[in-house]
Amino acid sequence: EAGVAQSPRYKIIEKRQSVAFWCNPISGHATLYWYQQILGQGPKLLIQFQNNGVVDDSQLPKDRFSAERLKGVDSTLKIQPAKLEDSAVYLCASSLDRLGGLAGTYEQYFGPGTRLTVT
Amino acid sequence: AQSVTQLGSHVSVSEGALVLLRCNYSSSVPPYLFWYVQYPNQGLQLLLKYTSAATLVKGINGFEAEFKKSETSFHLTKPSAHMSDAAEYFCAVSDRGFKTIFGAGTRLFVKA
């Protein structure tokens, strides 16, 4: 089966510009995650979708970050305006978890990530 | 609230030596625990997971981990390191409520 697809793989922008990342999860996976991974750190959850509804966005900087998952399939993450501290790898992951099922038992499948550099 | 602590940001072993990567967790409910591996410029890949069945969990590439409730630990081991094991390893804990917390990671170096 095809894995989690992300694009672009690399992006360089200047501060105060905007940028968008795209993710296509594994077919049939109900849950989609966006993580921010700063160099030398573990992934930090930004937002989690269950189908097209938001489950957790408590760590999403909502003044500049937004995300959507229309039709419960692919998703976009946007940053506007970008700051220097947004330089990181943005990882998308998906899992089979479904509401009412055994939450958290299914492993997450990660895409290759988008490396963002803000200058 | 959950948390994960990985002891040692870098571990270096010789090829053929034992690999031991340490992970301690905190969780208010019985946790699910995971180890992921990340190779350069790639996403994370699941190595193994503990979901309240056997406490000794075997994963891919010869890795295994043992869940020790009394020590709140889930250390990752491999009897004999291979050069291809050089990567970053992440321990993660899930509270079964959809939230997964990742540790800061341990970079494994394997010397020839």
Side-chain angles (χ1 to χ4, degrees), chain A residues 3-10 21 23-26 29-51 53-59 89-115, chain B residues 1-10 21 23-25 27-54 57 59-60 63 65 67 76 87-107:
Chain A
V4 176
Q6 289 189 250
S7 68
R9 290 295 312 275
Y10 305 91
F21 312 127
C23 172
N24 190 27
I26 293 173
H29 280 196
T31 306
L32 184 148
Y33 313 77
W34 282 103
Y35 289 92
Q36 180 191 59
Q37 187 178 22
I38 293 172
L39 187 65
Q41 299 181 21
K44 182 185 84 171
L45 180 69
L46 292 175
I47 188 167
Q48 181 176 340
F49 292 95
Q50 183 80 15
N51 297 308
V54 175
V55 174
D56 185 350
D57 64 356
S58 57
Q59 297 194 89
V89 175
Y90 290 84
L91 295 166
C92 179
S94 68
S95 69
L96 277 170
D97 294 350
R98 293 180 178 83
L99 283 173
L102 293 174
T105 60
Y106 296 110
E107 61 262 34
Q108 296 180 33
Y109 294 80
F110 284 80
T114 297
R115 184 176 298 277
Chain B
Q2 312 161 87
S3 65
V4 176
T5 302
Q6 290 186 241
L7 300 175
S9 59
H10 298 85
L21 304 183
C23 172
N24 287 89
Y25 70 91
S27 179
S28 56
V29 299
Y32 292 150
L33 295 159
F34 307 83
W35 275 100
Y36 286 84
V37 61
Q38 186 177 34
Y39 298 101
N41 299 315
Q42 295 185 26
L44 280 69
Q45 177 186 2
L46 183 73
L47 273 178
L48 49 81
K49 62 181 180 182
Y50 166 78
T51 56
S52 73
V57 181
I60 62 172
F63 284 93
F67 171 68
L76 181 71
E88 185 135 28
Y89 292 80
F90 294 93
C91 182
V93 60
S94 167
D95 67 355
R96 312 185 184 200
F98 291 94
K99 190 150 189 138
T100 301
I101 303 296
F102 287 83
T106 297
R107 184 166 294 279

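Labels below follow one simple rule: chain letters A, B, ... track the order of the sequence lines, proteins then strands, and each chain is numbered from 1.
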Handout entry: Aromatic ring proximity F34(B)/F102(B), centre distance under 6.0 Å
Key = no
Problem - Residue pair Q108(A) / Y35(A), side-chain donor-acceptor N/O under 3.5 Å - result: yes
Problem - Check: Q37(A)/Q38(B) side-chain N/O donor and acceptor closer than 3.5 Å - result: yes
Practice task
Give a yes or no answer on whether the side chain of R9(A) reaches the backbone of G113(A) with a donor-acceptor pair at less than 3.5 Å.
Solution key: yes
Handout entry: Contact class of Q6(A) relative to chain B, heavy atoms under 4.5 angstrom
Key = neither
Exercise for the section: Name the region of L46(B), side chain, backbone, both or neither, that has any atom closer than 4.5 Å to a heavy atom of chain A. Expected result: side chain
Exercise for the section: Give the member of G103(B), C91(B), G105(B), A104(B) that has the highest number of heavy-atom pairs under 4.5 Å with chain A. Expected result: A104(B)
Practice task
Please state whether the side chain, the backbone, both or neither of T114(A) comes within less than 4.5 Å of a heavy atom of chain B.
Solution key: neither
